[in-house]
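Written out below as structure tokens is the structure these notes cover.
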Amino acid sequence: MDFKEILFKFESKYKFLYELEVNGVPFYTCHRDTILRILTEGERYSVSDYKEEKGRVYFLRVLEGMVKLRSFRKKKTLIFTSSMYRRDKGRNLAAEFLLNSYNDAVIYEWPSRNCNYDTAYFKDKKRMQYCPLDIYIVFYKLYCIMHKRYLREKEEEYRKKIESEIEKIHVENTNNEKLALTYLKYELPKSYVEITISQAIFSRLFQKYTNIDKAIDFWGGARENIIPVLPGNPEAMELQHGIITNYHTGYIYPEYANRKCHSFFERKILVYGNRTKNLLTTQSVFKKENIEIVGNPRIAEYKKEYMEQDVERNLILFCSQPFEQDGRANNYYETVIPILSIVKEILKKENLTFKIGIKLHPRENNGVKDLYMRKLKDVIIFDNTSQLYDLLSHTFVQITVNSTTLYEAAAFGTPTITISFNGINMKDEYGFDVWEIKELSDVRRYLNLLSSKDEYLKYLNYLKQNSRLCM
């Protein structure tokens, strides 16, 4: 049984989960990643030991945000994003694409609590069109302090409601399904309170905006926390921010998911290509007229702005992913590190001059650097603000699990080898077959193939052609 079947089977027993809402937002959807992980793995704790690094709040971002929240009140297009997407020399190229594509637009930026990303705002040439939303953090904490007792009561009240709904349903459950229910009884009431607070804060912050035509979310938390409470009922839109698979928990829903919360599923989604559009309209609940193909604007904008470098490709780059931080798996690092160790051994034994680099994902905490450095000596660690496209120009081959970086690497002339992980079907992920390390012996086989220039170019051209078709 595949991931989609496992999740849909559980949800079909508890359809009411999609009817739990705050201002039309079915907040159960925020937990589907974790529920799928519990259903497939059970109650398993990570064996990876790394320290979480925390960023700081910048007073000037708070101050400028307060001023701009007032001065932007007449704007027609509001774009919501995160400083985490300042991935290209301190710029958010996808947000800039939206800024240039829609009338009278401005960008509202969540802080990522990553110092490099948050401070890049101050050097941005388009700074005047950005409004930091750091003040939200201050208001949220104050709200929680002032209403602590009331919020605790509301959480317990909602927990009893959920428990009552679950008790009405008499079905057989597996052990993992029972664990998933225990998780939901604890976490859903917390989400209900958190989203209620967020919406209350943003309804006040935007209450005097009288001219909004469009509200666009690009990984800015707006579809749950902001757009539902904006005045004037503007058109809700979203720009695709990563690969969408046939079981993506944020986009692939059962047919009954929108029976109550219609507006949440009627937002317009700007996607990379036909494959994504077909997935959303044939395997989920989205309508064809609400899906628009725009390509990958970040790649397009980068190639327009910056010349590709013609340099020696002497790097084997592993693009790490935040499976454990996102709650999607607990065995990610213990799976990938042994494979990278094999790569190291082969390079040393064959006396090859390649360097091994590990690039952290922007959502991966920099504390993971210490974990990689302890387990893998003499590799280069690129932190979570390192520039992917710059690194790809130096990369002979990329290794990853199922990242969107496969498409991006192909666009920048770099082939990708994937790592088999937790039953992920790579053809379902990407829409075509890719080289996949299923056994440790596969590492040597693929490196040997890539040592042939003809095989290298053959595989790279295959990836380029299929990436264009399947994004």
Side-chain angles (χ1 to χ4, degrees), residues 68-69 71-110 117 120-121 124-133 206 209-223 225-228 230-244 250-251 263 265-278 280-281 286-306 362 388-389 404 407-408 411 467-468 471:
K68 290 179 178 178
L69 277 165
S71 64
F72 288 172
R73 283 177 181 172
K74 298 296 182 182
K75 296 296 181 181
K76 292 183 178 179
T77 303
L78 312 187
I79 300 162
F80 298 93
T81 187
S82 166
S83 70
M84 190 178 293
Y85 275 86
R86 290 185 172 276
R87 298 180 183 179
D88 301 299
K89 306 182 190 301
R91 296 169 61 185
N92 184 334
L93 295 178
E96 289 183 24
F97 162 79
L98 295 171
L99 191 68
N100 297 328
S101 300
Y102 295 95
N103 182 37
D104 198 23
V106 287
I107 301 170
Y108 295 83
E109 182 179 77
W110 290 86
Y117 285 143
Y121 160 79
D124 197 329
K125 292 180 180 179
K126 297 183 182 292
R127 177 176 174 179
M128 296 308 296
Q129 292 167 283
Y130 273 85
C131 174
L133 289 175
F206 289 97
Y209 279 62
T210 58
N211 207 30
I212 311 172
D213 180 42
K214 292 178 171 61
I216 310 173
D217 190 15
F218 176 59
W219 195 256
R223 72 183 191 186
N225 299 292
I226 306 174
I227 293 175
L230 290 176
N233 192 30
E235 180 182 8
M237 299 174 64
E238 181 177 342
L239 174 63
Q240 182 179 351
H241 61 267
I243 188 170
I244 294 177
Y251 294 94
S263 60
F265 298 100
E266 290 177 357
R267 64 189 185 273
K268 184 175 185 178
I269 306 179
L270 310 176
V271 301
Y272 295 160
N274 271 311
R275 177 174 178 266
T276 304
K277 181 174 183 175
N278 290 336
L280 295 179
T281 55
F286 298 99
K287 298 175 182 176
K288 284 186 178 180
E289 58 266 30
N290 290 338
I291 311 299
E292 180 182 338
I293 296 171
V294 297
N296 187 321
R298 182 187 169 203
I299 294 176
E301 293 297 310
Y302 187 95
K303 288 194 167 187
K304 278 196 299 185
E305 292 279 343
Y306 306 107
L388 173 64
Y389 295 168
T404 312
Y407 297 138
E408 295 169 309
S467 292
R468 286 193 291 269
M471 282 178 70

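Just so it is clear, the values below take in all heavy atoms, side chains as well, and ignore hydrogens, waters and symmetry mates. Model, not experiment: these values are computed from the prediction.
- Looking at every heavy atom in both residues, Ala94 comes nearest to Leu239 through CB-CD2, 4.0 Å.
- From Glu289, atom CD reaches atom CD1 of Ile291 across 9.0 Å, with rounding to the nearest 0.5 Å.
- One finds a salt bridge joining Glu408 and Arg298 here, because a Lys/Arg side-chain nitrogen approaches an Asp/Glu carboxylate oxygen to under 4.0 Å.
- Here Leu98 contributes atom CG and Ile216 contributes atom CD1; the two are 5.0 Å apart, rounded to the nearest 0.5 Å.
- With respect to the salt-bridge test (charged N to carboxylate O, under 4.0 angstrom), the residues Arg91 and Glu305 qualify.
- Separation of atoms CD1 (Ile107) and SG (Cys131) is listed at 11.0 Å; rounding is to 0.5 Å.
- Classification of Glu238 and Lys268 as a salt-bridged pair fails, no side-chain N sitting under 4.0 Å from a carboxylate O.
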Contacts under 3.5 angstrom, residues 72-80 side chains, donor-acceptor by atom type, not counting sequence neighbours:
from	atom 1	to	atom 2	distance (Å)
Lys75	NZ	Asp104	OD1	3.3
Thr77	OG1	Asn103	O	2.8

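- The side-chain hydrogen bond (donor to acceptor under 3.5 Å, both in side chains) check on Ser83 picks up Ser112, Asp118, with sequence neighbours excluded.
- Counting only distance, with no hydrogens or angles, the side chain of Lys288 and the backbone of Lys277 share no donor-acceptor pair below 3.5 Å.
- Taking the six-membered ring where the residue is Trp, the centroids of Phe206 and Tyr108 are separated by under 6.0 Å.
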> What do the steps show when you test Ile244 against Tyr272 for side chain to side chain contact (heavy atoms under 4.5 Å, CB included), and what is the final call?
Replying inline: CA-CA 10 Å; Ile244 294 177; Tyr272 295 160; over 6 Å; no

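- Geometrically, Arg87 engages Tyr85 in a cation-pi contact, judged by NZ or CZ lying under 6.0 Å from the ring centre and within 45° of the ring axis.
- The number of heavy-atom neighbours closer than 6.0 Å to CG of Asn100, taken from other residues, nucleotides and ligands shown, is above 12.
- Lys214 NZ to Ser101 OG: the interatomic distance, rounded to the nearest 0.5 Å, is 11.0 Å.
- In this structure, the side chains of Lys68 and Arg127 come closer than 4.5 Å at one or more pairs of heavy atoms.
- Contact of the Tyr117 side chain with the Pro362 side chain is registered, since non-hydrogen atoms from C-beta on lie closer than 4.5 Å.
- The shortest side-chain heavy-atom distance between Tyr251 and Val271 does not fall under the 4.5 Å cut-off.
- A distance-only check finds a donor-acceptor pair linking the side chain of Tyr209 to the backbone of Leu69 [under 3.5 Å].
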>> The test is side chain to side chain contact (heavy atoms under 4.5 Å, CB included); show your working for Leu99 and Lys126 and say whether it passes.
In response: CA-CA 10 Å; Leu99 191 68; Lys126 297 183 182 292; 4.0 Å; yes

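- Between Leu230 and Ala215, the shortest heavy-atom contact is CD1-CB, 3.6 Å.
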> Checking side chain to side chain contact (heavy atoms under 4.5 Å, CB included) for the pair Asn92/Tyr130: CA distance, chi angles, key distance, verdict?
Replying inline: CA-CA 11 Å; Asn92 184 334; Tyr130 273 85; 3.5 Å; yes

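- The distance from atom NE2 of His241 to atom CE of Met84, rounded to the nearest 0.5 Å, is 11.0 Å.
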>> If you apply the rule side chain to side chain contact (heavy atoms under 4.5 Å, CB included), what do you find for Met237 with Ile269, and how did you get there?
In response: CA-CA 6 Å; Met237 299 174 64; Ile269 306 179; over 6 Å; no

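- Within 6.0 Å of NZ on Lys287 lie no more than 12 heavy atoms contributed by other residues, nucleotides or ligands.
- Between Asn296 and Met471, the shortest heavy-atom distance links the atoms CB-CE, 3.6 Å.
- Residues passing the side chain to side chain contact (heavy atoms under 4.5 Å, CB included) test with Arg275, sequence neighbours excluded: Leu279, Tyr407, Cys470.
- One distance of note links CD1 of Ile212 with CD1 of Ile227; it measures 10.0 Å at 0.5 Å rounding.
- For Arg86 and Glu109, the salt-bridge test passes: some basic side-chain N is under 4.0 Å from an acidic carboxylate O.
- Between Ile243 and Thr404 the shortest heavy-atom distance is N-OG1, 2.7 Å.
- Residues Asp217 and Ala222 come closest through the heavy atom pair OD2-N, 3.3 Å.
- In this structure, Asn290 and Glu266 approach most closely via the heavy-atom pair ND2-O, 3.4 Å.
- Relative to the ring axis of Phe218, Arg223 does not place its NZ or CZ within 45° and under 6.0 Å from the centre.
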